[in-house]
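Notes follow the structure.
So that the names make sense, note that chain A is the first sequence line, chain B the second, and so on, each numbered from 1. Note that the structure is a prediction, hence the values are computed from the model and not measured.
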There are 2 protein chains.
Amino acid sequence: MTEINPKDPRDPAAYERPSVAVDLVLMSIVDAAPAVLVMRRADPPFAGQWALPGGFVRIDESLDEAARRILRDKARMDGAYVEQLYTFGALGRDPRTRVITTAYLALLSADSFAAALRAAPALKLAKVLTAWTGEAGGPAGVAIEGAAAPLAFDHADILGTAMLRLRGKLDYSNVAFALLPEAFTLRELQDIYEAVLGVTLNKPAFRRRMLDKGWLEATGARESGASFRPAELFRRAINPRQ
Amino acid sequence: MTEINPKDPRDPAAYERPSVAVDLVLMSIVDAAPAVLVMRRADPPFAGQWALPGGFVRIDESLDEAARRILRDKARMDGAYVEQLYTFGALGRDPRTRVITTAYLALLSADSFAAALRAAPALKLAKVLTAWTGEAGGPAGVAIEGAAAPLAFDHADILGTAMLRLRGKLDYSNVAFALLPEAFTLRELQDIYEAVLGVTLNKPAFRRRMLDKGWLEATGARESGASFRPAELFRRAINPRQ
DNA sequence: GCAATAGTGTCTGTCAGACAATATAGG
DNA sequence: CCTATATTGTCTGACAGACACTATTGC
């Protein structure tokens with residue numbers, strides 16, 4: 001279908017084209033630890049291994065649309081927080097043929113995460129294994145049902161990049177809210193920060209800092225069910241002042 | 001050459017493939033203002049308009065290699081600081097055919113910038129026009145020889161993304177050094193920060209902060225040629241403590 | 001000595017960490 | 001009242017901004 005004419009470097013049709021895919025890093029914080037949704041590969045290459053959900057980009061959809069479609073089809077999910085992460089274009093990353101993949105990062109609340117696991121049986125929860133070795137970043141492994149499992153392709157690199165991005169954005173943006181349900185307590189918000197950053201934070205200071213940012217709005221409601229003083233529930237402010 | 005078989009969603013060959021390109025944002029700070037190198041397009045689409053240097057990714061090179069090759073071929077430059085910026089995959093961004101482009105950001109010193117302009121006559125210096133409208137970001141225009149000029153394709157979006165990335169990384173990384181020559185004064189370093197952030201900074205505080213970070217190393221040498229007290233020259237520390 | 005910029009000292013307000021004290025739900 | 005956690009108050013040290021002061025070069 002495509003005639004290769006290597007004579008004209010300005011003509012897009014003069015180049016053999018790579019396949020372009022989108023892979024999703026569906027992350028949440030479960031039991032105070034980062035977790036990601038993976039699927040077991042049925043076919044070669046890497047048959048039997050775990051991989052991030054993904055798919056090829058169609059010729060009539062944008063990259064963002066492809067990410068949304070795969071989120072919908074493979075995780076039965078709509079309306080999550082999604083942002084482009086990085087594009088992986090090394091030569092040997094897919095042994096079949098040349099595949100360039102643009103990874104997207106989606107952040108889900110623990111509730112949405114559980115809902116996706118119920119709605120899409122092919123998905124499996126994997127805990128992210130991160131050696132917090134300084135700023136290096138590097139690839140991140142996963143553990144499934146307690147046992148370390150290798151990831152297919154370069155998906156460990158993708159996951160490592162996702163963890164770095166998430167850590168980096170916590171400080172200066174409000175992505176943390178994407179990992180929480182509509183209403184949440186300050187303790188739950190702090191748990192998110194501590195799980196992602198891998199540190200323990202000072203409670204009064206954290207409280208002050210968050211309230212001063214103006215990102216939060218009191219709902220007036222309180223937690224229920226605990227046998228001690230219930231915490232106040234907050235939500236994301238409608239008009240956050242920057 | 002490629003047989004389309006839409007029946008098997010797992011087969012890369014089952015999808016019509018987009019063209020994949022790489023575009024470079026070659027940035028520097030010239031006369032205390034952000035500047036970028038552009039080329040005038042000779043052929044349609046957007047013939048006569050200005051565009052970022054770029055090219056199609058070959059089937060036997062990685063994305064990073066393609067960026068380096070284009071840097072070498074179009075800007076006659078080697079060894080600059082280069083990082084991947086973002087991948088632009090909207091549907092109509094190239095009127096000829098489906099082209100997905102991965103943009104790379106390269107940071108150059110004013111000296112390297114001038115050298116590239118001399119070595120590659122097709123390149124032209126363009127001043128970046130940024131309306132510092134809050135955090136929005138948005139597209140950024142350019143001015144060439146004092147007159148505003150439209151950019152081809154979605155290159156204004158790419159440039160806007162580059163400016164945002166540069167601004168964001170100044171605070172927590174040492175990218176500023178990539179915009180300076182080997183040896184530089186603290187005033188020159190501060191000029192970089194002020195030009196990129198669009199603010200004026202306090203001199204003693206800036207000095208303290210930079211020296212405390214441990215990224216700098218005194219060379220022992222001093223500026224020369226000025227008719228006033230010469231400033232001490234620093235270089236990037238070999239073993240920066242984080 | 002003069003001009004112009006480099007570099008330093010000091011005060012002050014802001015803010016995060018530490019830690020203690022108080023508040024409040026269920027039992 | 002007791003337990004466990006939420007929420008608040010206060011002290012303190014680190015640090016950035018402001019601003020004045022001293023240092024040094026060419027002329």
>> Rounded to whole Å, how long is the line connecting atom CG of A:Asp171 with atom P of C:dC15?
In response: 16 Å
> Considering heavy-atom distances to DNA chain D, does B:Pro230 or A:Pro230 have its closest nucleotide positioned more toward the 5' end?
Replying inline: A:Pro230
>> Going 5' to 3' along DNA chain D, which are the first and last nucleotides with any atom under 4.0 Å from a heavy atom of chain A?
In response: D:dA4 to D:dT10
> C:dA23 P sits how many Å from A:Arg222 CZ, rounded?
Replying inline: 14 Å
> For the residue pair A:Ser28 and A:Ala110, what are the closest heavy atoms and their distance?
Replying inline: OG-N, 3.4 Å
>> Can you work out whether A:Phe228 or A:Ala205 has the more 5'-proximal nearest nucleotide on DNA chain C?
In response: A:Ala205
> Counting any heavy atom closer than 4.0 Å, what does A:Glu223 reach on the DNA or RNA strands: base, sugar-phosphate only, or nothing?
Replying inline: nothing
>> Side chains of A:Asp171 and B:Tyr172: any donor to acceptor distance under 3.5 Å?
In response: no
> Atom CE of A:Met210 to atom P of C:dC15: distance rounded to whole Å?
Replying inline: 14 Å
> B:Arg207 CZ to C:dA6 C1': how many Å, rounded?
Replying inline: 7 Å
> Looking at C:dG17, does its base get a donor-acceptor pair with the side chain of A:Arg208 below 3.5 Å?
Replying inline: yes
> How long is the line joining OH of A:Tyr193 and C1' of C:dG17, in whole Å?
Replying inline: 17 Å
> Is A:Arg68 salt-bridged to A:Asp64, going by a charged N under 4.0 Å from an acidic O?
Replying inline: no
> Could one point to a donor on the side chain of A:Arg229 or the base of C:dA23 with an acceptor on the other under 3.5 Å away?
Replying inline: yes
> Which distance, rounded to the nearest 0.5 Å, do you find between the CG of B:Leu107 and the CZ of B:Phe113?
Replying inline: 10.5 Å
> B:Lys203 NZ to C:dT8 P: how many Å, rounded?
Replying inline: 10 Å
> To the nearest angstrom, how far is B:Leu211 atom CG from C:dA6 atom P?
Replying inline: 14 Å
>> So, taking the atom named CG in A:Leu123 and the one named CE in A:Met39, what distance separates them when rounded to the nearest 0.5 Å?
In response: 5.5 Å
> In terms of side-chain geometry, is the basic nitrogen of B:Arg236 or B:Glu182 positioned less than 4.0 Å from the acidic oxygen of its partner?
Replying inline: no
> What is the distance from CG of B:Leu186 to P of C:dT5, rounded to the nearest Å?
Replying inline: 16 Å
>> Does this structure show an ion pair linking B:Arg229 with B:Glu223, if we count only N-O contacts that are shorter than 4.0 Å?
In response: no
